[in-house]
Amino acid sequence: MSYEPTLEERKVIYRARRGLKELDIYFDPYVKEQYLSASAEEKALFAELIEQEDPDLLDWFMMVSEPAKPELMALILKMKQRLHSV
């Protein structure tokens with residue numbers, strides 16, 4: 001028996017597709033491996049993260065700058081660590 005994502009979860013998953021390789025390399029594995037099993041708080045944080053503009057996201061993921069909200073940076077670091085530790 002598999003979990004069927006809610007409408008809101010499906011919307012977030014769809015919006016996570018950026019079409020920008022530099023971001024998709026982090027977003028795709030997170031969505032496939034962690035998003036659906038994440039806590040409600042983390043899901044909300046991820047939804048907030050993907051609402052940001054691509055140039056800002058690139059700067060944050062490349063460590064050029066940081067978001068004003070520390071929780072977003074913590075999620076970014078979690079996504080990066082998961083990808084780079086595999």
Side-chain angles (χ1 to χ4, degrees):
M1 181 179 207
S2 65
Y3 173 78
E4 184 65 30
T6 66
L7 178 60
E8 186 59 33
E9 289 170 337
R10 289 195 308 264
K11 287 179 182 180
V12 169
I13 291 167
Y14 179 79
R15 285 192 308 252
R17 297 183 200 152
R18 303 310 274 216
L20 194 61
K21 185 177 180 179
E22 292 86 348
L23 293 175
D24 287 341
I25 196 168
Y26 295 107
F27 286 165
D28 288 348
Y30 178 81
V31 166
K32 290 176 183 172
E33 299 166 11
Q34 294 179 297
Y35 175 70
L36 290 177
S37 62
S39 68
E41 294 82 15
E42 187 170 308
K43 285 180 181 179
L45 202 56
F46 184 70
E48 183 178 344
L49 181 67
I50 63 169
E51 290 300 319
Q52 307 306 309
E53 297 292 328
D54 286 351
D56 292 331
L57 290 169
L58 280 172
D59 283 351
W60 299 342
F61 274 91
M62 299 305 134
M63 309 304 271
V64 173
S65 63
E66 291 187 14
K69 190 171 184 179
E71 296 88 349
L72 289 176
M73 194 66 213
L75 180 57
I76 289 168
L77 292 173
K78 177 181 178 178
M79 293 167 71
K80 289 182 73 156
Q81 182 180 26
R82 172 94 168 121
L83 181 70
H84 295 298
S85 68
V86 173

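The residues of the chain are indexed from 1 along the displayed sequence.
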| query | To the nearest 0.5 Å, what is the distance between NZ (K32) and CZ (F27)? | reply | 14.0 Å

| remark: Rounded to the nearest 0.5 Å, the CE atom of M79 sits from the CZ atom of R82 at a distance of 11.5 Å

| query | Tell me the side chain to side chain donor-acceptor pair (under 3.5 Å) pairs involving residues 60-72, sequence neighbours left out? | reply | E48-K69

| Do you know the tightest heavy-atom contact between P67 and L72? | CG-CB, 3.8 Å

| said: Please find the pair of heavy atoms, one from P70 and one from A68, that lie closest to each other, and give the distance. | reply: CD-O, 3.3 Å

| Does the K80 side chain pair with the main chain of Y26, one donor and one acceptor, at a distance under 3.5 Å? | no

| query | At what distance, to the nearest 0.5 angstrom, does CD1 of I50 lie from CD of Q52? | reply | 10.0 Å

| query | Looking only at heavy atoms, what is the nearest atom pair of V31 and A16, with distance? | reply | CG2-CB, 3.8 Å

| So does L20 have more than 12 non-hydrogen atoms from other groups sitting under 6.0 Å from CG? | yes

| What is the minimum heavy-atom distance between L23 and L57, and which atoms define it? | CD2-CB, 3.8 Å

| task | Only counting residues at least two apart or in another chain, list the ones meeting ring pair (Phe, Tyr, Trp, His ring centres under 6.0 Å) with Y30. | result | F46

| task | Scan for side chain to side chain donor-acceptor pair (under 3.5 Å) pairs involving residues 13-23, sequence neighbours excluded, and state none if there are none. | result | R15-E51, R18-D54

| CA sep, side-chain torsions, deciding dist, call: K43, E8, side chain to side chain contact (heavy atoms under 4.5 Å, CB included) | CA-CA 10 Å; K43 285 180 181 179; E8 186 59 33; over 6 Å; no

| Would you say the side chain of E53 lies within less than 4.5 Å of the side chain of D59, judging by non-hydrogen atoms? | no

| At what distance, to the nearest 0.5 angstrom, does CD of E4 lie from CG of L36? | 9.5 Å

| message | If you define the side chain from C-beta out and look only at heavy atoms, does anything of E9 sit under 4.5 Å from V12? | response | no

